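What follows is a set of notes on a single structure, which appears directly below.
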Amino acid sequence: MGVYLKGFLIACRGIPTTVWVSIVAIVLGAALGLLLALCSQTKSKVLRVIAKLYVDIVRGTPMLVQALIMAYGVPQLLQSMGSSFKWSNLVIPAIIVCGLNSAAYMSEVIRSGIQAVDKGQMEAARSLGMTRGMAMRLVIIPQAIRIILPAFANEFVTLIKETSVLGYVGVVEILRRGQLWNASSFETFPAYIGVALAYMLLTIPLSKAINGYERRRARKEAAA
Amino acid sequence: MSMIEVKGLVKSFGDLEVLKGIDQNVEEGEVLCIVGPSGSGKSTMLRCINRLEEPTGGEIYIDGELIDDKNIDRIRTKMGMVFQQFNLFPHMSVLENLTCGPVNVKGADKAEAEKKARELLTRVGLAEKADQYPRNLSGGQQQRVAIARALAMDPEVMLFDEPTSALDPEMVGEVLDVMKSLAAEGMTMVVVTHEMGFAKEVADKVIFMDGGYIVEQGTPDAVLNNPQMDRTKDFLSKVLI
């Protein structure tokens, strides 16, 4: 049994990195995703095309490939052009890729959230003299956030799991910890079971917390 | 100078021409009721006045000022709008619904805005609902809050787009009462409505629209009791039982 515990504890040492990368990436993804969602809603055709192209490219390619391009491809390209660019820490391109990737998904989620808000809300806000931007900020987005919160949380859970590909570009997160220990101990089954448990330690409480929040809010809204 | 001046207003949705040249003035303190069958363009006309629909042709002046895309946000602060579906902001309390316009658009002091909001709620008989959320109010109460929200901006004109059409019959009266008191206080009002009783009692002028035109206009008595045009007679014979 001790070997399983050891595998679990070793995998757990990767938790801070996984959590850190996931949090920064989800924040980056939400911010950029909102920007993309707003672009896809504007009257400007150029902005709409850019937003659409971005989403298509990101969703159409595996995150591992994007991570390899960002971590190794980009520095080599820049070096071939005479720059001495080098990532000071491979966590940086990893976070960027996760954030860019998440943004593509978040933009779709946010866009659907904005569209789910009744059209009369924008009209009522505008009729009070609000500009379009003000109406978005004060009336539409707060309502859209409530609509998309469960999807947003699911995206965070997904993102935590997807960061497991970052071991391949040199980030020592949960999976990479397990792999390294496996390579030295040959305790393959305990190593990967430990990795799986470490991920569950993050994802299951998060899912439960979101469900609880949703239920509380539904109750509050029914009672208020 | 008229409060509202509509000149040659045309509005098309694609190939469908909904308004085919409307000319109409509304004077300060006047209550204008617009009646007519669905699809006649009456709501579209009202929505064009505060540019929720962009006119295809023609001009609209508010207080002598021609509305365009640039000044519309400022001009809208002079026009309160009440919608058929209330459109209260569900994520804000009743009080916040009333203060969000004055505070964010006009830069009003928050405490001042709240004081005024409470006065307005008292006026529409809902002072005790200030801290409730819209979903906990009945339709009639929500519509009265919506009227108070529009009034919180100190408008010079109030536009009503079928304000009682989405209400249960027993709640129509409470909303019409608020509108009647508003009219009695001298508010300039444009009301799209199917409530012929309200139009007869409150309106200074009634226009009957059909097919994108104003078919007939005049005093409530002239249009609703002694219509001259066959189309008006036909419509009224169906709605006035």
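The sequence lines fix the lettering, A, B, ..., with proteins before strands; numbering per chain opens at 1. Fair warning: this is a prediction, and the values are worked out from it, not measured in the lab.
Ion pairing between Arg132(A) and Asp73(B) fails under the 4.0 Å rule for side-chain N and carboxylate O.
Between chain A and the residues Ile75(B), Val105(B), Thr77(B), the most heavy-atom pairs under 4.5 angstrom are made by Val105(B). In terms of heavy-atom pairs under 4.5 angstrom with chain A, the leader among Cys100(B), Pro90(B), Pro102(B), Ala150(B) is Pro90(B). When Ile72(B), Asp131(B), Leu88(B) are compared by the number of non-hydrogen pairs under 4.5 Å with chain A, Leu88(B) comes out ahead.
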Worked check of side-chain contact (heavy atoms from CB on, under 4.5 Å) between Ile140(A) and Phe89(B): CA-CA 9 Å; Ile140(A) 307 300; Phe89(B) 305 136; over 6 Å; no
Step by step, would you call Met153(B) with Leu128(A) a side-chain contact (heavy atoms from CB on, under 4.5 Å)? CA-CA 7 Å; Met153(B) 292 296 286; Leu128(A) 290 170; 3.8 Å; yes
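Checking side-chain atoms of Glu123(A) against main-chain N and O of Asn87(B) turns up no donor-acceptor pair under 3.5 Å. His91(B) places a side-chain N or O within 3.5 Å of a backbone atom of Leu138(A) that can act as its donor or acceptor partner.
Heavy atoms closer than 4.5 Å to chain A are found in the side chain of Asn50(B), but not in its backbone. Heavy-atom distances place both the backbone and the side chain of Arg149(B) under 4.5 Å from chain A. For a residue to count as touching a neighbouring chain, one of its non-hydrogen atoms must lie under 4.5 Å from one of that chain's; by this rule Met130(A) touches chain B with backbone and side chain alike.
The number of heavy-atom neighbours closer than 6.0 Å to NZ of Lys180(B), taken from other residues, nucleotides and ligands shown, is above 12. Annotation: Lys52(A), atom NZ; neighbour count of heavy atoms from other residues, nucleotides and ligands within 6.0 Å does not exceed 12. Within a 6.0 Å radius of CD in Gln115(A), more than 12 heavy atoms belonging to other residues, nucleotides or ligands are found. Counting non-hydrogen atoms of neighbouring residues, nucleotides and ligands closer than 6.0 angstrom, the OH atom of Tyr168(A) reaches no more than 12 such neighbours.
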